[in-house]
Undergrad: 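Following this message is one structure expressed as structure tokens.
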Amino acid sequence: MAAALGIDVGSTNVKAVLIDGDGRIRASSARVLHTEVGGDVVTQDAAQLWAQVEAAVQELAREAPDAAAAVGSIGVCSQYSSIVPVDARGTPVGPLVMWQDRRGTEPSFEIMSRHPDAFERWVELHGIPPVGGGLALGHLLVLERRFDREATAAYLEVMDYVVARLTGTIGATQHSMFMSQLCDNRTLGTTRYDPDLLSMAGVSPERLPPLVPVGATVGTVRADVAEVLGLPARAEVSVGTNDTSTDAVATGALSSDRCGLAIGTTSVLVDTIETKRVDLDHEILSMPGPFIDQYLVWAENGLGGRVVQQVLASLIQADDALGADGRERPFALLDAAVAASPAGANGAMCLPWFQGSLAPRSDPSMRGGFLNVSLETSRTDLVRAAVEATAHNLRWLLPHVEVFIERPIADAGFVGGAARSDQWCQ
């Protein structure tokens, strides 16, 4: 069996892993990504993102050259609802508009002003109404208005952008373009954008990537790219998947009675369902999955690990006018801090909605904080309270997911950065 390469582009890091023909991890690496934030504008440098992918893969090739030379297949997953405009060769012609970017809200609501039936039509065909926020449809509308349309060949999600840089072929799937809200999701496996949704949205179809079936092979690695990365040009690259669906694969949620639980930047519960379904009251819906015959349950809880990171980096280990206790690895002492505080954090409680709430109650204006802090409260109590808050927030979501899938959830596979922490797992 040939070796395999996996590439994961998150919101804060690029990660890569090299698996040999026997299924053993031979090497892994990670590189940090920088995000520019200015009010509603949240972007990344797409060229720098690709440079970090190159650096991560090159490290694997140096560490395990024999396995790198035997790579026969490459899989790419990423965060999603983030769009980068590219030229015909897949080179970015503008910044990567991140899922936190809110500029698309106003043009999305303009769709509903022009078309009174747009809300109901989108729910019927796609599942998500055109309400903007950080949804990719809003990003497409912003890019159509603000960037050089002549230079843009396609608007790509991050996973499809990385695949395009690897192969030189621009493409996407019903699954990878889910947040662009332009496919009729009542049927799985579609390879066309819906003409009614395109017309109402006013998005140029000529700048949308052509859709191919989920699970398809896009092509092989371009010879010049393979030489730079230290990989064989014969390696086949599959269509990309979003990180929610990859969580479902990794946790076993696709093939068992368990659900998938992922805590990285955000917290997510994922499961499978046989039909297209929507629960707008609790922000839970079905999403076309990475396989032709399954929908995934999409239940995005909101910020998870990012809340704990903020508490550690800005409150506990800050580097500011009060002193310099900053650390390059804010999570290094997390387990020790949590273990030093008893369950319940000596009464301290954290409200984890530092950037609004998603499922089971969508409210972008909700904000977080600490409650029940006393003179006895220690900073380790604050850390434990923040970790416990991610669990309580998911517990709030869990029964709504059970109602949605019409069965109880008794078992969960836990993945993501938080799953590396023994204390967090408890």
Undergrad: Looking at OH of Tyr155 and CG of Leu141, how far apart are the two atoms once the value is rounded to the nearest 0.5 Å?
TA: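 Taking OH in Tyr155 and CG in Leu141, the distance rounds to 9.5 Å.
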
Undergrad: Do you know which two heavy atoms are closest between Ala172 and Ser176, and how far apart they sit?
TA: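 Scanning both residues, the minimum pair turns out to be CB-OG, 3.5 Å.
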
Undergrad: With a 4.5 Å cut-off on side-chain heavy atoms, are Ser341 and Val383 touching?
TA: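 No, every pair of side-chain atoms sits at 4.5 Å or beyond.
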
Undergrad: Taking Glu106 first and then Arg145, would you say they form a salt bridge - that is, a charged N and a carboxylate O separated by under 4.0 Å?
TA: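 Looking at Arg145 together with Glu106, the answer is no, because their closest N to O distance does not fall below 4.0 Å.
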
Undergrad: Might you work through the side chain to side chain contact (heavy atoms under 4.5 Å, CB included) test for Asn13 and Leu33, ending with a clear yes or no?
TA: CA-CA 5 Å; Asn13 293 277; Leu33 297 173; 5.7 Å; no

Undergrad: Using a 4.5 Å cut-off on heavy atoms from C-beta on, say whether the side chain of Trp122 contacts that of Ile128.
TA: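 Of all side-chain heavy-atom pairs linking Trp122 with Ile128, none is under 4.5 Å.
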
Undergrad: Over all heavy atoms of both residues, which pair between Ala118 and Pro130 is shortest? Give the atoms and the distance, please.
TA: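 Smallest heavy-atom distance, with atoms named: O-CD, 4.2 Å.
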
Undergrad: Is it the case that the side chain of Arg407 and the backbone of Phe404 share a donor-acceptor pair, with hydrogens and angles ignored and the cut-off at 3.5 Å?
TA: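 It does not hold such a pair.
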
Undergrad: Report the residues that fulfil salt bridge (Lys or Arg N to Asp or Glu O under 4.0 Å) with Arg384, sequence neighbours left out, ordered by chain and then residue number.
TA: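 Expected list: Glu388.
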
Undergrad: Can you tell whether the side chains of Glu144 and Arg207 come within less than 4.0 Å, N to carboxylate O?
TA: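 Yes, this pair counts.
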
Undergrad: Can Thr35 and Gln44 be counted as having a side-chain donor-acceptor contact under 3.5 angstrom?
TA: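 Thr35 vs Gln44: donor-acceptor pair found between side chains.
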
Undergrad: Rounded to the nearest 0.5 Å, how far apart are CG of Leu5 and CG of Leu60?
TA: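 If I round to the nearest 0.5 Å, the distance is 6.5 Å.
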
Undergrad: Please find the pair of heavy atoms, one from Gln174 and one from Thr187, that lie closest to each other, and give the distance.
TA: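 Heavy atoms of Gln174 and Thr187 come nearest at NE2-O, 3.1 Å.
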
Undergrad: Would you mind telling me which of Asp411, Asp247, Asp271 makes a salt bridge (charged side-chain N to carboxylate O under 4.0 Å, His left out) with Arg258?
TA: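 It is Asp411; the other options fail the test.
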
Undergrad: Check this for me: Ile292, atom CD1, are more than 12 non-hydrogen atoms of other residues, nucleotides or ligands nearer than 6.0 Å?
TA: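 Enclosed: over 12 neighbouring heavy atoms sit under 6.0 Å from CD1 of Ile292.
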
Undergrad: Give every residue pair that meets the salt bridge (Lys or Arg N to Asp or Glu O under 4.0 Å) criterion with at least one member in residues 290-316, sequence neighbours excluded.
TA: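 Non-adjacent pairs meeting salt bridge (Lys or Arg N to Asp or Glu O under 4.0 Å): zero.
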
Undergrad: Look up atom OH in Tyr295 and atom OG1 in Thr275, then write down how far apart they are to the nearest 0.5 Å.
TA: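 Atom-to-atom, Tyr295:OH and Thr275:OG1 are 7.5 Å apart.
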
Undergrad: Please test Asn242 against Glu157 for side chain to side chain contact (heavy atoms under 4.5 Å, CB included), starting from the C-alpha separation and ending with a verdict.
TA: CA-CA 9 Å; Asn242 68 41; Glu157 284 276 5; over 6 Å; no

Undergrad: Got a second to check how far Leu125's CG is from Met200's CE, nearest 0.5 Å?
TA: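 With rounding to 0.5 Å, CG (Leu125) is 7.0 Å from CE (Met200).
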
Undergrad: Are Asp40 and Arg102 close enough for a salt bridge, meaning some N to O gap below 4.0 Å?
TA: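 Arg102 and Asp40: not salt-bridged.
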
Undergrad: What distance do Leu188 atom CG and Ser286 atom OG have between them, rounded to the nearest 0.5 Å?
TA: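 Spacing of CG (Leu188) from OG (Ser286) equals 8.5 Å.
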
Undergrad: Crowded around Glu120 CD? As in, over 12 foreign heavy atoms under 6.0 Å?
TA: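 For Glu120, atom CD is crowded (more than 12 foreign heavy atoms under 6.0 Å).
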
Undergrad: Parallel, tilted or perpendicular: which describes the rings of Phe178 and His126, with under 30° parallel and over 60° perpendicular?
TA: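 Ring orientation of Phe178 relative to His126: parallel.
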
Undergrad: Can you establish whether the number of heavy atoms outside Glu206 located under 6.0 Å from its atom CD is more than 12?
TA: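 Yes, CD of Glu206 has more than 12 neighbouring heavy atoms, counting only those of other groups under 6.0 Å.
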
Undergrad: Taking the side chain as C-beta and beyond, is there a heavy-atom pair between Thr390 and Trp424 under 4.5 Å?
TA: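 Yes, at least one pair of side-chain atoms sits under 4.5 Å.
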
Undergrad: Looking at every non-hydrogen atom in both residues, tell me the closest pair between Gly289 and Val214 and how far apart they are.
TA: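 It is O-CG1, 3.9 Å.
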
Undergrad: Could you tell me if the side chain of Thr152 sits less than 4.5 Å from the side chain of Leu143, heavy atoms only?
TA: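 Not in contact.
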
Undergrad: Is there a side-chain contact between Pro210 and Ile170 (heavy atoms, below 4.5 Å)?
TA: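 Result yes, sub-4.5 Å side-chain heavy-atom pair found.
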
Undergrad: Show me the donor-acceptor pairs, under 3.5 Å and distance only, between side chains in residues 345-355 and residues at least two apart or in other chains.
TA:
| from | atom 1 | to | atom 2 | distance (Å) |
| --- | --- | --- | --- | --- |
| Asn346 | ND2 | Asp381 | OD1 | 3.0 |
| Asn346 | ND2 | Asp381 | OD2 | 3.3 |
| Trp353 | NE1 | Asn393 | OD1 | 3.1 |

Undergrad: Just checking Arg420: does its CZ atom have more than 12 heavy atoms from other residues, nucleotides or ligands closer to it than 6.0 angstrom?
TA: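 12 or below, so no.
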
Undergrad: Heavy atoms, side chains only, cut-off 4.5 Å: are Ile263 and Leu394 in contact?
TA: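 With C-beta onward as the side chain, the pair touches.
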
Undergrad: So Val249 and Thr241, side chain to side chain contact (heavy atoms under 4.5 Å, CB included) or not? Walk me through it.
TA: CA-CA 11 Å; Val249 174; Thr241 59; over 6 Å; no

Undergrad: Can you pull out every side-chain hydrogen bond (donor to acceptor under 3.5 Å, both in side chains) where at least one residue sits in residues 88-100? Sequence neighbours excluded, please.
TA: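 side-chain hydrogen bond (donor to acceptor under 3.5 Å, both in side chains) check on residues 88-100 returns Ser11-Trp99.
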
Undergrad: So do Ser29 and Val17 actually touch side chain to side chain, heavy atoms under 4.5 Å?
TA: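 A side-chain contact is absent here, since even the closest heavy-atom pair is not under 4.5 Å.
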
Undergrad: Between Arg121 and Asp117, does any side-chain N to carboxylate O distance fall below 4.0 Å?
TA: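 No, this pair does not count.
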
Undergrad: Could you walk me through whether Val41 and Asp101 satisfy the side chain to side chain contact (heavy atoms under 4.5 Å, CB included) test, starting with their C-alpha distance in whole Å, then the side-chain angles of each, then the deciding distance to 0.1 Å, before giving a yes or no?
TA: CA-CA 5 Å; Val41 181; Asp101 194 295; 4.0 Å; yes

Undergrad: Asp184: what forms a salt bridge (Lys or Arg N to Asp or Glu O under 4.0 Å) with it, not counting sequence neighbours?
TA: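 Result, salt bridge (Lys or Arg N to Asp or Glu O under 4.0 Å) vs Asp184: Arg186.
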
Undergrad: Of all heavy-atom pairs between Leu135 and Met179, which one has the smallest distance, and what is that distance?
TA: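 Residues Leu135 and Met179, closest heavy atoms: CD2-SD, 3.6 Å.
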
Undergrad: How long is the gap from CG on Leu137 to CG on Leu197, to the nearest 0.5 Å?
TA: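 Reported to 0.5 Å precision, the distance equals 9.0 Å.
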
Undergrad: If you look only at pairs with a residue in residues 127-146, which of them pass as a ring pair (Phe, Tyr, Trp, His ring centres under 6.0 Å), with sequence neighbours excluded?
TA: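 Residue pairs with at least one partner in residues 127-146: there are none.
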
Undergrad: Side chains of Thr169 and Val237: does their closest heavy-atom pair fall under 4.5 Å?
TA: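 No; the side chains remain at least 4.5 Å from each other.
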
Undergrad: On a heavy-atom basis, which atom in Tyr161 and which in Leu49 lie closest, and how many Å separate them?
TA: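 Heavy atoms only, the tightest pair is CE2-CD2, 4.1 Å.
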
